[in-house]
Engineer: 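Submitted below is the structure of interest, expressed as structure tokens.
Numbering starts at 1 and runs along the sequence shown. Predicted model only: the values in this text are computed from it and were never measured. FYI, side chains are in, hydrogens and waters are out, and symmetry mates aren't considered; it's all heavy atoms of this structure.
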Amino acid sequence: MGIIEKIKEIEAEMARTQKNKATEYHLGQLKAKIAKLRTQLLEPPKGSSGAGEGFEVTKYGHGRVALIGFPSVGKSTLLTMLTGTHSEAASYEFTTLTCIPGIINYNDTKIQLLDLPGIIEGASEGKGRGRQVIAVAKSSDLVLMVLDASKSEGHRQILTRELEAVGLRLNKRPPQIYFKKKKTGGISFNSTLPLTHVNEKLCYQILHEYKIHNAEVLFREDATVDDLIDVIEGNRKYIKCVYVYNKIDVVGIDDVDRLARQPNSVVISCNLKAGSSFLISLLALNLNLDRLLAKMWEEMGLVRVYTKPQGQQPDFTDPFVLSADRGGCTVEDVCNHVHRTLVKDLKYVLVWGTSARHYPQHCGLGHVLQDEDVVQIVKKKEKEEGGRGRFKSHTTGPARISDREKKAPLKT
């Protein structure tokens, strides 16, 4: 029996098992078994060598956004409208067979947008190049899930289920659970608050399913069994997702209003043809692309930092772009972007902007910067060898008194 058949058999057993107090331990063990099997499904086969599955796309710009959705929902058209890169679009499915990158120039930054082939149900099991598409999505900073407004609910549930099956957690934060394996000492189970979903016995059974008999577990929140399994696996990717509902011109205004009010959702329409200059000038207004770009910027959390040389005006042409997902947004991160040895020579930093209490503010390495802050970096001055003035430890004259030049006698 293959791995996929084992997963389906366990899922069928979970479906016919009643959920109550008596069966929660059994269901927890079954969930752990499914997580182990899905991890084995993603591992490369034994004896294989070379690169893994995926598309060869070089990272470029200050952020990466992946377009994911079913075939023929408008991903290629959206890429063409946002970046100007031509991606073939047709009325039949699976028009795009490889990854097509494009660049969005927005707010003095460059964002890489990837048009991926459409995925179908069963993509987590390898159907329709689903694994390659999901592998690229794991390396992205943001996922745009493009959905058809007329059948969005079913597609959204299927895509979310397929992405979660391979370890992608959309719009979730890592659970506050401390887990560390030990060599001896058994299992130490503690919590800082009352737990309603997991108890000590269930935690022991799940750890024994993974053949872990010595570990330390600390719950800092009321987490579920799935959260505990994610922490034990350690290969989950927590990524932000924006749901883009396309083709709103085929549904009623009530449905458009309902979709637009959902969290992390944007409604657009790529049906308009930008064939005239009038349509090109009203492109963002008609298609709601300006709202989509603003939502992408908000979710990615990019921070632009401008530099100011001493005694000169700030340089507003080429900012340093930081983000919490790519290193951090502190003064130390700016110094590392300039040069990795600058931190050692740093004396202090002057900051103008929304993160400063007054203008300018003297800040240290741990100061967190905000968007459009101006930074002036002041380095330590190099010390002169031997001191300064009368405190110099050496002179340019002769060492012996007899060799010194005698002054002329004073005239009387």
Engineer: Is Leu228 close to Phe179 at the side-chain level, that is, under 4.5 Å between some pair of heavy atoms?
Structural biologist: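 No - every pair of side-chain heavy atoms lies 4.5 Å or more apart.
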Engineer: Who are the side-chain contact (heavy atoms from CB on, under 4.5 Å) partners of Pro174, not counting sequence neighbours?
Structural biologist: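 Partners of Pro174 by the side-chain contact (heavy atoms from CB on, under 4.5 Å) criterion, ordered by chain and then number, come out as Tyr238.
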Engineer: Can you tell me if Thr192 uses its side chain to pair, donor with acceptor, with the backbone of Phe219 under 3.5 Å?
Structural biologist: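 It does hold such a pair.
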Engineer: Which value, rounded to the nearest 0.5 Å, describes the distance between Met14 atom CE and His26 atom NE2?
Structural biologist: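 Met14 atom CE to His26 atom NE2 measures 9.0 Å (nearest 0.5 Å).
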Engineer: Taking the side chain as everything from C-beta on, heavy atoms only, tell me whether Thr307 gets closer than 4.5 Å to Ile377.
Structural biologist: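 No, every pair of side-chain atoms sits at 4.5 Å or beyond.
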Engineer: Atom CD1 in Ile7, atom CG in Leu37: separation rounded to 0.5 Å?
Structural biologist: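 Taking CD1 in Ile7 and CG in Leu37, the distance rounds to 5.0 Å.
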Engineer: Mind telling me whether His155 and Phe70 have parallel, tilted or perpendicular rings, with 30° and 60° as the class edges?
Structural biologist: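 Correct class here is parallel.
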Engineer: Look at the side chain of Ser139 and the backbone N and O of Ala137, then say whether any donor-acceptor pair between them is shorter than 3.5 Å.
Structural biologist: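 No; zero donor-acceptor contacts below 3.5 Å.
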Engineer: What pair of heavy atoms forms the shortest contact from Leu302 to His62, and how long is it?
Structural biologist: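 Taking Leu302 first and His62 second, the nearest heavy atoms are CD2-O, 3.9 Å.
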Engineer: Which value, rounded to the nearest 0.5 Å, describes the distance between Ile111 atom CD1 and Thr83 atom OG1?
Structural biologist: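 That separation rounds to 12.0 Å.
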Engineer: Looking at residues at least two apart in the chain, or sitting in another chain, which of them share a salt bridge (charged side-chain N to carboxylate O under 4.0 Å, His left out) with Lys110?
Structural biologist: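 If we apply the salt bridge (charged side-chain N to carboxylate O under 4.0 Å, His left out) test to Lys110, skipping adjacent residues, there are no hits.
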Engineer: Sequence neighbours left out, what pairs pass salt bridge (Lys or Arg N to Asp or Glu O under 4.0 Å) with at least one residue falling in residues 228-237?
Structural biologist: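 Matches after skipping sequence neighbours: Arg169-Asp230, Asp230-Arg236.
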Engineer: Could you tell me if the side chain of Asp257 sits less than 4.5 Å from the side chain of Ile253, heavy atoms only?
Structural biologist: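 No, their side chains stay 4.5 Å or more apart.
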Engineer: Output all residues satisfying side-chain contact (heavy atoms from CB on, under 4.5 Å) with Asp373, sequence neighbours left out; order by chain, then residue number.
Structural biologist: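 So Asp373 forms a side-chain contact (heavy atoms from CB on, under 4.5 Å) with Val351, Thr354, Ser355, Leu369, Gln370.
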Engineer: Among all residues two or more places apart in sequence or in another chain, which pass the salt bridge (charged side-chain N to carboxylate O under 4.0 Å, His left out) test with Asp255?
Structural biologist: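 By the salt bridge (charged side-chain N to carboxylate O under 4.0 Å, His left out) rule, Asp255 matches Arg258.
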Engineer: What I'd like to find out is whether the side chain of Val305 reaches to under 4.5 Å of the side chain of Pro319, using heavy atoms alone.
Structural biologist: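 With C-beta onward as the side chain, the pair stays apart.
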Engineer: For a quick test of reading the model, state the closest non-hydrogen atom pair linking Lys75 to Leu67 and the distance between them.
Structural biologist: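 Lys75 and Leu67 have their closest heavy atoms at O-CD1, 3.6 Å.
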Engineer: Do the rings of His208 and His213 sit parallel, tilted or perpendicular, given the 30° and 60° boundaries?
Structural biologist: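 Correct class here is tilted.
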Engineer: Do any pairs count as a salt bridge (Lys or Arg N to Asp or Glu O under 4.0 Å) and have a residue in residues 207-227, sequence neighbours left out, and if so which ones?
Structural biologist: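 Every salt bridge (Lys or Arg N to Asp or Glu O under 4.0 Å) pair that includes a residue of residues 207-227, provided the two are not neighbours, is Lys31-Asp226, Arg173-Glu221.
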Engineer: Please list all pairs meeting salt bridge (Lys or Arg N to Asp or Glu O under 4.0 Å) that have one or both residues in residues 294-314, counting only residues at least two apart or in different chains.
Structural biologist: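 Only Lys295-Glu299, Arg304-Asp371, Arg304-Glu372 qualify under salt bridge (Lys or Arg N to Asp or Glu O under 4.0 Å).
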Engineer: Is there a side-chain contact between Leu78 and Leu292, using heavy atoms and a 4.5 Å cut-off?
Structural biologist: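 Yes - at least one pair of side-chain heavy atoms lies under 4.5 Å apart.
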Engineer: Using the side chain to side chain donor-acceptor pair (under 3.5 Å) criterion, which residues pair with Asn107? Sequence neighbours excluded.
Structural biologist: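 Testing Asn107 for side chain to side chain donor-acceptor pair (under 3.5 Å), a comparison that skips the adjacent residues, returns none.
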Engineer: Sequence neighbours excluded, which residues qualify as salt bridge (charged side-chain N to carboxylate O under 4.0 Å, His left out) partners of Glu332?
Structural biologist: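 For Glu332 there are no salt bridge (charged side-chain N to carboxylate O under 4.0 Å, His left out) partners, ignoring immediate neighbours.
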Engineer: What is the distance from atom OG1 of Thr160 to atom CG of Asn171, rounded to the nearest 0.5 Å?
Structural biologist: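 Going from the OG1 atom of Thr160 to the CG atom of Asn171 covers 9.0 Å.
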Engineer: Is the backbone of Gly353 close enough, under 3.5 Å, to the side chain of Tyr359 for a donor and an acceptor to pair up by distance?
Structural biologist: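 Yes; at least one donor-acceptor contact below 3.5 Å.
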Engineer: Regarding Asp115 and Ser76, is there a side-chain donor-to-acceptor distance under 3.5 Å anywhere?
Structural biologist: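 The criterion, which ignores hydrogens and geometry beyond distance, is satisfied for Ser76 and Asp115.
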Engineer: Less than 4.5 Å apart, side chain to side chain, heavy atoms only: is that true for Phe320 and Val338?
Structural biologist: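 When only atoms from C-beta onward are counted, Val338 and Phe320 do touch, with a gap below 4.5 Å.
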Engineer: If you compare all heavy atoms of Ile206 against all heavy atoms of Gly28, which two are closest, and at what distance to 0.1 Å?
Structural biologist: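 Closest approach of Ile206 to Gly28: CG1-O, 4.1 Å.
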Engineer: Going by heavy atoms in the side chains, are Leu114 and Arg64 under 4.5 Å from each other?
Structural biologist: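 Side-chain contact under 4.5 Å: yes.
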Engineer: Tell me, yes or no, whether the heavy-atom count around Lys181 atom NZ, taken from other residues, nucleotides or ligands under 6.0 Å, exceeds 12.
Structural biologist: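 Open: at most 12 neighbouring heavy atoms sit under 6.0 Å from NZ of Lys181.
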Engineer: Flag the pair Val198 / Val225 as yes when at least one side-chain heavy-atom distance between them is below 4.5 Å, and no otherwise.
Structural biologist: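 Yes, at least one pair of side-chain atoms sits under 4.5 Å.
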Engineer: If you look at every heavy atom in Tyr306 and Asp108, which pair is closest and at what distance?
Structural biologist: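 Reported closest heavy-atom pair: OH-OD2, 3.4 Å.
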Engineer: Enumerate the residue pairs fulfilling salt bridge (Lys or Arg N to Asp or Glu O under 4.0 Å) with a member in residues 343-366, sequence neighbours excluded, ordered by first and then second residue.
Structural biologist: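 Applying salt bridge (Lys or Arg N to Asp or Glu O under 4.0 Å) to every pair that reaches into residues 343-366, excluding sequence neighbours, yields nothing.
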Engineer: Could you list all the side-chain hydrogen bond (donor to acceptor under 3.5 Å, both in side chains) pairs where at least one residue sits in residues 318-327, not counting sequence neighbours?
Structural biologist: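 Sorted result for residues 318-327: Asp141-Arg326.
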Engineer: Does the side-chain contact (heavy atoms from CB on, under 4.5 Å) test come out yes or no for Asn199 and Phe189, once each step is laid out?
Structural biologist: CA-CA 9 Å; Asn199 55 23; Phe189 179 86; 5.9 Å; no
Engineer: Let me confirm one number: the CG-CD1 distance from Leu82 to Ile103, rounded to the nearest 0.5 Å.
Structural biologist: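 Taking CG in Leu82 and CD1 in Ile103, the distance rounds to 12.0 Å.
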Engineer: Can you tell me if Lys379 has over 12 outside heavy atoms packed within less than 6.0 Å of its NZ?
Structural biologist: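 No.
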Engineer: With a 6.0 Å cut-off (strictly less than), is the heavy-atom count around NZ of Lys33, excluding the residue itself, greater than 12?
Structural biologist: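 Check fails, neighbour count at 12 or below.
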Engineer: If I take atom CG from residue Leu289 and atom OG from residue Ser269, how far apart are they, to the nearest 0.5 angstrom?
Structural biologist: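 The distance works out to 9.5 Å.
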Engineer: As a quick check of understanding, evaluate side-chain contact (heavy atoms from CB on, under 4.5 Å) for Tyr243 and Arg156, giving each step before the final call.
Structural biologist: CA-CA 8 Å; Tyr243 303 99; Arg156 176 172 173 173; 3.2 Å; yes
Engineer: I'd like to check the salt bridge (charged side-chain N to carboxylate O under 4.0 Å, His left out) partners of Glu13; sequence neighbours left out, ordered by chain and number.
Structural biologist: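 Result, salt bridge (charged side-chain N to carboxylate O under 4.0 Å, His left out) vs Glu13: none returned.
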Engineer: Whether the side chain of Ser140 engages the backbone of Leu142 through a donor-acceptor N/O pair (distance < 3.5 Å, no angle test) should be reported.
Structural biologist: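 Between the backbone of Leu142 and the side chain of Ser140 there is no qualifying donor-acceptor contact (under 3.5 Å).
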Engineer: Step by step, would you call Ile68 with Leu163 a side-chain contact (heavy atoms from CB on, under 4.5 Å)?
Structural biologist: CA-CA 10 Å; Ile68 287 184; Leu163 294 177; 4.3 Å; yes
Engineer: Can you see which heavy atom on Leu202 is nearest to which on Glu24, and at what distance?
Structural biologist: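 It is CD1-O, 3.9 Å.
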Engineer: Let me see the working for Val242 and Met296 under side-chain contact (heavy atoms from CB on, under 4.5 Å), right down to the final yes or no.
Structural biologist: CA-CA 8 Å; Val242 175; Met296 289 170 51; 5.5 Å; no
Engineer: Quick one: closest heavy-atom pair of Val343 and Cys335, and the distance?
Structural biologist: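 Closest approach of Val343 to Cys335: CG2-CB, 3.8 Å.
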